[in-house]
Number of protein chains: 2
Amino acid sequence: MPAHDDARRRAEELALMLSDLGMQRMSARVMAAFLFTDRPTLTLGELAEELDASQGSVSGALKSLHHVGMLERVPVPGSRRDHHRLRRDAWERLFSSQNEAVRRMMAAAADGIAATEADSPARGRLQEMHDFYTFMFRELPLLFERWRAERDSRD
Amino acid sequence: MPAHDDARRRAEELALMLSDLGMQRMSARVMAAFLFTDRPTLTLGELAEELDASQGSVSGALKSLHHVGMLERVPVPGSRRDHHRLRRDAWERLFSSQNEAVRRMMAAAADGIAATEADSPARGRLQEMHDFYTFMFRELPLLFERWRAERDSRD
DNA sequence: GGCGACCTTCAGAAGATTCCGAAGGGTGTG
DNA sequence: CACACCCTTCGGAATCTTCTGAAGGTCGCC
């Protein structure tokens, strides 16, 4: 099997996994394409052809991947196409979108606590929930910092 | 507005958020019901009535919530119904289902690395991915340990 | 200012999820 | 051992997502 076909197959498998984990299907396929390509950057047209998908859906996927910060646009003088590539910290960004989720859970718990009577069972459960997400909200950014420090010290 | 209706409204809002974050809709509603109820345990029939949903769909939701370890069955002598309640560490369990996802990402990256040529751009990107998830896979369980220690020291 | 290249948006089709309600199985009781 | 109660399973309907293909917008160049 040609190397390129092998890469393509692996990319599709990874895309399936990402989509299992909640990423939209086309975003996952685009993501995987960026990961496995040997080109420095990819354009919308190249992606659409590689993935055998419409430019419309690739456009939507690119938009959302830029939105979560996993991709960046790369200026290429002399080309009118948009050139995209994976950001170095793409995976960290993907993971830390969790952070926003954690913040929302923390806030929801706080709301619930404010609305329940002290000593009620519901209050107790909401307090447990709030404590946990407060801890995570504090610690996750610190964990990312440690990750960056470890990575940078290796370079 | 009666307190119970208020709780119900808040529960539905939280359910919506959980479902945004990827939880199945009915599981999210059941989860929220457990969080906001003032009863010590809930049965399938009670949940179906409270949520105005069929017993069938509540049954499916209960099954999957038990599967991820957020609920536990509580023996109630003299009752033929199954009584369920939220586990104290439900949120930690929900979050740590992430852990499995991290492990899979780490493994996928390792596979990719093994299949690409050294010095290729793809190899470099896969290595970045692998490093990140390896770090997370190591650190997340430690973070949970710290959480439990902090919680227990408060009790 | 017209043209060509490129990207985005959108309506509708195709596909996947999710839910209900009925049927069926299991278990304890009289 | 027949019944009552409770839970689960499953087919099909309803709903929501996601994709395509076409139309339209933007920008630079001649």
For DNA chain C, find the residues of residues 28-49 of chain A with a heavy-atom distance under 4.0 Å and give them by number; none if there aren't any.
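Listed by number, they are A:Leu44.
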
Between [X] and [Y], is there a side-chain N and carboxylate O pair less than 4.0 Å apart?
X        : Y        : result
B:Arg146 : B:Glu150 : no
A:Arg87  : B:Glu128 : no
B:Arg151 : B:Asp89  : no

[X] has an atom [atom1]; how far is it from atom [atom2] of [N], in whole Å?
X       : N      : atom1 : atom2 : value
A:Arg81 : D:dC29 : CZ    : P     : 16 Å
B:Leu65 : D:dT8  : CG    : P     : 12 Å
B:Gln55 : D:dC10 : CD    : C1'   : 16 Å
A:Met26 : C:dT8  : CE    : P     : 15 Å
A:Asp82 : D:dT26 : CG    : P     : 15 Å
A:Leu16 : D:dT18 : CG    : C1'   : 15 Å
A:His84 : C:dC7  : NE2   : P     : 6 Å
A:Met23 : D:dC19 : CE    : P     : 13 Å

Give me the one residue out of A:Arg93, A:His66, A:Arg85 that meets side-chain contact (heavy atoms from CB on, under 4.5 Å) with A:Leu71.
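It is A:His66, the one option of A:Arg93, A:His66, A:Arg85 that forms the side-chain contact (heavy atoms from CB on, under 4.5 Å) with A:Leu71.
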
Would you check if the side chain of B:Arg123 reaches a backbone N or O of B:Thr116 as a donor-acceptor pair within less than 3.5 Å?
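Flag set: sc B:Arg123 to bb B:Thr116 pair under 3.5 Å.
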
Could you tell me the separation between the CG atom of A:Leu42 and the CZ atom of A:Arg81, rounded to the nearest 0.5 Å?
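If we round to the nearest 0.5 Å, A:Leu42:CG and A:Arg81:CZ are 11.5 Å apart.
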
Contact class for B:Arg25 (heavy atom, under 4.0 Å): base, sugar-phosphate, or nothing?
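Contact class for B:Arg25: sugar-phosphate only.
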
Touch check for A:Arg80, heavy atoms < 4.0 angstrom, all strands: base, sugar-phosphate only, or nothing?
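Base contact - A:Arg80 has a heavy atom under 4.0 Å of at least one base atom.
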
Applying side-chain hydrogen bond (donor to acceptor under 3.5 Å, both in side chains), name anything that partners B:Ser97, two or more places apart in sequence or on another chain.
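For B:Ser97, no residue satisfies side-chain hydrogen bond (donor to acceptor under 3.5 Å, both in side chains) once neighbours in sequence are set aside.
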
Less than 4.0 angstrom between a side-chain N/O of [X] and OP1 or OP2 of [N], yes or no?
X       : N      : value
B:Lys63 : D:dT9  : yes
B:Ser59 : D:dT8  : yes
A:Gln24 : D:dT18 : yes
B:Ser57 : C:dC19 : no

